[in-house]
Amino acid sequence: MLSIESVDAYYGLFQALFGLSFSISPGETVALIGSNGAGKSTLLKTIVGAVRVRRDGVRLDGRDVGGDTEPQQLARGIALVPEGRRLFGSLTVLENLQLAARNGRAGPWTIPRLMQEFPVMKEFQHRPSTALSGGQQQLVAISRALVCNPNYLLCDEISLGLSPLAVNDVYGLLSRARGDGLAVVLVEQNVTRALAESGRFYCIQKGRVALSGKSADADHAAVAQAYFGM
Amino acid sequence: MSDTPTIMPAAPNVLRTAMLPLTMALIGCAVLVALPWYASFATQRLLVEGFTVFAIAMAWNLLAGYGGLVVVGHQMFVGVGAYALFASSNWLGLNPWLCLPVAALVSALFSLISSVPMFRLSGAHFAVGTWVLAEMLHILTLNTSWLGAGAGMPLEALGDFDRWTRNAGVYWAALAVGLGALAIATTVLHGPLGLALMSVRDNEAAALASGVSVRRAKLSLWLISGTMTGLAGAVSYMNTLQVTPDATFSLNWTAIAIFTAVLGGIGTLEGPLVGTVLYFLLREVFADYGAWYLIGLGMLAIATMVVAPGGAWSLIARRWPIDLLGVRRSMPPL
């Protein structure tokens, strides 16, 4: 169980999160929806330690782990797929994965397994990671997080700027990973897709939770209202 | 079936392509090692300078080009290494060659200690901070009588050796430092530290998300680079036989390192190699022009940055697809 408990987060003097609480259980998929600047990415950054919070702000399996660094959270099994993919352009695809595998945990996701599951990635493994299409880059970015063998995978806008076909590929990869009991936090602009892929959702607005519940029961009018704040 | 593209060419081909450069490298090494038996003292001294400048430029390039640590006070490592050698040899009356490991050790220790205040700074503050630290050491040695104060120290024990042994010995030490710098830089960049550094250079946020400890990677690089520079500085001053605060802690060392790395190609392994050759060619041909020579060097550095920011090596690599040391990678897009 990973949870955020009434957390305030700041960028300098600017407050991005206001007493926000959030939780996710092992194996669950939770969607975060909300307009740009609502605080979705900040919430993810708070969980992985890129934005500082108080010690008891982040709890993992009953322990206070807030304020620790990203490598420390990664070692505990919390991995982030950053927005905009952010592959390492001077490294090859394989080297991108090797770097993450070295720093991550041991587990079922290894580089040979990823190559086996995605033959297309095996074909371009020696290419510079920036010489790929957007969809391919996103697959590498998710794989880079998966080889760290997380229990919780935080995905920030993984379908942004991709063709509909590539989006399907990306979600295909994600559902295979979820088959292994991985918990996934999805930040997604496409509300319909987000609700379809997730079990629960949080709608975030101006740094606060405006609406939350089971994705299957979500009332689109209520979500739209929480989304736009009208 | 999809396996076929990933299978590498058959072994005999690999062997044949690997043998030629290896043979050439071995012949080259033999020619360089045997040099004291057929070259003049002047040539040996010039090459000592060349090898040590190369090592110092390579160390600076590792920090700036791979670690994003732009050091303006790089001369502090030169000074610490040289003073450690002279002081330990003079006080203990030891063979100076045996004191080279001491110089390396002291440089490593100094790097470790100096990282504490320096790594609290970043960007421009870090650059200026290193300069301030170098200046502090300069002033400290100027006022320390047991280090010879302003007059500095000669390397007394070197007087016990005849001229040939002295020159050849210093030359071999410099050759070892130069080849060692190249070998260490290549090994480091091929290894996990190289991957970590290049990921940080590409995107620090994503590197952190991939569990790279940015601090540890930069500290390792600082230690390697500082020790390399310290040892090169020590050997370099064995060549001149005298350390003085003004020369040993001179900003000139950093200027030469930056010039060499920029001219050859910053952020590449081949850059400092090409840069050192170009720098010494320019110096041997034009140094007689005095101030105009220095103005020319400055103009050339500016022109390089404007016209070919990747340095001379980028011009070579653009025309011929050679990857001399096997770690050529494109710079990250801005």
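Note on naming: letters A, B, ... go to the chains in the order of the sequence lines (proteins, then strands), and numbering restarts at 1 for each one. For clarity, every value in this text was computed on a predicted model and none was experimentally measured.
No more than 12 heavy atoms of other residues, nucleotides or ligands sit less than 6.0 Å from atom CZ of B:R215.
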Quiz: residues 52-59 of chain B side-chain donor-acceptor pairs under 3.5 angstrom, not counting sequence neighbours:
| unit_1 | atom_1 | unit_2 | atom_2 | d |
| --- | --- | --- | --- | --- |
| B:T52 | OG1 | B:V48 | O | 2.8 |
| B:T52 | OG1 | B:E49 | O | 3.0 |

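Within residues 20-28 of chain A, no residue has any heavy atom under 4.5 Å from a heavy atom of chain B.
Counting only N and O atoms by type, the side chains of A:N36 and A:Q189 include a donor and acceptor under 3.5 Å apart.
A cation-pi arrangement is absent between B:R201 and A:F88 under the rule of less than 6.0 angstrom and at most 45 degrees off the ring axis.
Annotation: ring-ring contact (aromatic ring centres under 6.0 Å, His included) contacts involving residues 204-231 of chain B, sequence neighbours excluded, comprise B:F77-B:W222, B:F119-B:W222, B:F126-B:W222. Among residue pairs with one or both ends in residues 145-156 of chain A, those qualifying as side-chain hydrogen bond (donor to acceptor under 3.5 Å, both in side chains) are A:S41-A:D156, A:R105-A:N151; sequence neighbours excluded.
If you tally non-hydrogen atom pairs under 4.5 Å between each of B:A196, B:A207, B:S210 and chain A, the highest count goes to B:S210.
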